[in-house]
Amino acid sequence: MHQEPTYHIGMDLGGTNLRWALYRRHRGIMTLETADRAPLEDHEPQAVCTRMAECVAPLREKYSVNAVGIGVAGMLSSDSKTILRAPNLNWTDFPLVDVLGAKLGLPVYLLNDLSAITWGEYHYAHHEHGLKESFLVVYLGTGIGGGMIFRGDLLTGHNGVAGEIGHTKVVFDESARLCGCGKRGCIEAYLGGKNFIAWMNEELAAEVPPSTALSSRHGALHPGIVDAMARAYDSFSLSIIERTSLMLGSVLANAVTLMDPGVLLLGGTVWENAPLLRELTLKHYSELVNPLAEATVVSSALGDDAGIWGAAHWAACQEPTL
Ligand SMILES: [Zn+2]
């Protein structure tokens with residue numbers, strides 16, 4: 001049977017950049033046509049929608065676009081039409097799907113950024129390697145997020161906020177750090193890239209004697225720097241990496257014990273830049289997980305493009321004719 005190709009746009013709506021790509025889908029195979037990015041200076045919601053429409057306008061002159069999929073770092077309503085909370089954009093309760101959909105005159109489908117990454121990585125791996133039916137993704141970057149596919153379906157949860165693994169608790173005493181979500185003791189308050197830097201400054205100020213190696217460094221103390229110092233046997237840095245690897249290893253082991261996903265994909269800048277943290281986390285994970293549920297650990301296959309690819313693929317999958 002003859003089948004015409006269809007065109008779908010995937011977008012990543014971040015706090016500093018807007019990234020997008022156009023994909024051609026034919027006989028179930030998605031191929032990249034073109035991709036671009038633009039800085040996002042004005043975060044006012046209507047201005048962002050106008051900017052998004054401007055960015056995709058040249059593509060629509062050339063291609064007959066069917067739908068737009070968007071991944072955004074934030075919590076969504078259960079119908080995935082409204083952004084309830086997006087701290088990077090400073091948005092609350094903004095109905096992006098309806099506003100942008102009306103502006104574009106196209107169907108718009110919204111996903112949490114980690115759900116878009118998870119959907120992208122899962123479908124890529126599924127096509128390439130005949131992947132198992134369930135899949136857990138955990139990303140450690142500025143924040144910590146997760147996504148899960150269960151038997152081919154994206155798990156979004158009753159309220160649409162499943163996968164917020166960064167807000168699982170790892171510290172319970174009065175020292176527990178305050179997280180951006182308003183609660184104390186979340187793993188994101190320690191290992192989220194932004195919070196990690198603030199935490200290091202607090203710990204260094206309190207340490208007696210302080211780590212002279214770290215104290216004398218200029219600039220932000222990213223996890224990769226502390227990991228490198230730990231590998232050079234700086235005792236303060238080593239204690240931080242040991243502590244955080246136990247936090248992360250136990251969070252991953254608990255999630256896998258609960259969900260039994262078969263495959264655990266780990267990624268994000270913090271994960272990629274901290275080899276000792278990776279090694280010790282995986283050691284703790286293996287020790288703590290239910291051995292009957294232990295998942296195969298894999299790395300990202302799509303890298304930075306996973307979210308955009310996933311958002312476009314998600315939009316294509318929502319089309320009733322496909
Ligand atoms: Zn939190």
Side-chain angles (χ1 to χ4, degrees), residues 13-16 43 71-78 80 82-94 110-118 136-148 154-203 206 220-223 226 240-241 243-259 261 264-271 274 277 281 284-285 288 307:
L13 175 55
T16 49
H43 287 176
V72 62
M75 292 193 193
L76 310 182
S77 58
S78 55
S80 298
T82 298
I83 296 178
L84 301 177
R85 205 168 69 85
N88 294 344
L89 293 161
N90 204 18
W91 288 6
T92 48
D93 297 322
F94 181 67
L110 190 57
L111 284 172
N112 164 279
D113 60 343
L114 254 297
S115 293
I117 288 170
T118 303
L136 174 66
V137 171
V138 179
Y139 256 56
L140 295 98
T142 312
I144 299 176
M148 168 116 185
L154 183 67
L155 214 66
T156 53
H158 178 71
N159 296 297
V161 293
E164 293 286 345
I165 200 165
H167 302 294
T168 50
K169 309 296 179 273
V170 289
V171 177
F172 306 95
D173 59 27
E174 66 280 1
S175 75
R177 299 193 80 238
L178 184 64
C179 180
C181 71
K183 302 276 186 182
R184 288 185 180 275
C186 303
I187 189 166
E188 184 170 299
Y190 294 87
L191 254 181
K194 219 166 48 179
N195 293 328
F196 183 89
I197 293 163
W199 179 42
M200 282 307 93
N201 291 332
E202 292 163 20
E203 288 286 307
L221 293 174
H222 292 283
V226 177
I240 295 291
I241 295 299
R243 201 173 154 194
T244 48
S245 64
L246 180 58
M247 290 176 183
L248 183 58
S250 61
V251 164
L252 296 175
N254 288 346
V256 169
T257 297
L258 180 67
M259 308 301 294
L264 170 64
L265 184 145
L266 297 167
T269 50
V270 169
W271 182 254
L277 176 74
T281 296
H284 290 306
Y285 160 73
L288 296 169

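Remember, it's 1-based here, ligands and their atoms both numbered in the order they're listed.
Excluding waters, the set of protein N/O/S atoms under 2.8 Å from the Zn ion (ligand 1) reads His167 ND1, Cys179 SG, Cys181 SG, Cys186 SG.
To the nearest 0.5 angstrom, Tyr285 atom OH is 15.5 Å from Ser245 atom OG. The structure places CG of Asn88 at 8.0 Å from OG1 of Thr16, a figure rounded to the nearest 0.5 Å.
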Q) Going through the distances and angles, do Tyr139 and Ile117 end up as a side chain to side chain contact (heavy atoms under 4.5 Å, CB included)? A) CA-CA 9 Å; Tyr139 256 56; Ile117 288 170; 3.7 Å; yes
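Applying the ring pair (Phe, Tyr, Trp, His ring centres under 6.0 Å) rule to Trp91 yields the partners Phe94; only residues at least two apart in sequence or on another chain are considered. Scored by the salt bridge (charged side-chain N to carboxylate O under 4.0 Å, His left out) test, Arg85 finds no partners at all (sequence neighbours excluded).
Counting only residues at least two apart or on different chains, no salt bridge (Lys or Arg N to Asp or Glu O under 4.0 Å) pair has a member in residues 182-195.
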